[in-house]
Amino acid sequence: MQRKHIQVFGNVRGVGFRFYTARIANQYDIKGTVQNVDDYVDIYAQGENEALYQFTQSVIEGASPASSVSTYNIEDLNVDELLTEFKTI
């Protein structure tokens, strides 16, 4: 089990990025949150190693068809609690 903090920059606001990120999270059984913050999208994601890797790759490639990711940051976090759902904030 791993947890990551992902910040995604580019054309990611107003293009359905959070909606598609939540769909991808459900596909890979990822728990956490996605929200718009200033000029980027902020994601906290927790899941099994391979599923979390696949989720992260899908997100940074551009979760929605209308999005365009210019850059991103990924930080590994400690798993201090088990999350139970994926929420769009």
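Heavy atoms only: backbone and side chains are in, while hydrogens, waters and symmetry mates are out. We number each residue from 1, following the sequence as shown.
- Between N11 and S67 the shortest side-chain heavy-atom distance does not fall below 4.5 Å.
- The CZ atom of F17 sits 10.0 Å away from atom OG of S68, with the distance rounded to the nearest 0.5 Å.
- A distance of 12.0 Å separates CG in N49 from CD in Q54, rounded to the nearest 0.5 Å.
- With sequence neighbours left out, Y44 forms a side chain to side chain contact (heavy atoms under 4.5 Å, CB included) with H5, T33, D42, L77.
- Alongside F19, the hydrophobic cluster contains Y20 (criterion: ILVMFWY side chains under 4.5 Å).
- More than 12 heavy atoms of other residues, nucleotides or ligands sit less than 6.0 Å from atom OH of Y28.
- Each of T56, I43, V8 was scored for a side chain to side chain contact (heavy atoms under 4.5 Å, CB included) with I74, with one residue passing: T56.
- Minimum heavy-atom separation, V69 to V59: CG2-O, 4.0 Å.
- Looking only at side-chain heavy atoms (C-beta outward), N73 and I6 stay at 4.5 Å or farther from each other.
- Of all non-hydrogen atoms in L52 and A45, the two that sit nearest each other are CD1-CB, 3.7 Å.
- For the pair M1 and E48, the minimum side-chain heavy-atom distance is below 4.5 Å.
- At a threshold of 4.5 Å between non-hydrogen side-chain atoms, the residues V34 and V41 count as touching.
- Remark: R23 CZ to S58 OG distance equals 12.0 Å, nearest 0.5 Å.
- Interatomic distance, Q27 CD to F55 CZ, rounded to the nearest 0.5 Å: 10.5 Å.
- To the nearest 0.5 Å, atoms CZ (R13) and OH (Y40) are separated by 10.0 Å.
- In the hydrophobic clustering of ILVMFWY residues, with side-chain heavy atoms under 4.5 Å counting as a link, V15 and F9 come out apart.
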Could you go through residues 78-89 and list every donor-acceptor pair under 3.5 Å that involves a side-chain atom there, pairing it with any protein atom two or more places apart or in another chain?
from, atom 1, to, atom 2, distance (Å)
D80, OD1, R3, NH1, 3.0

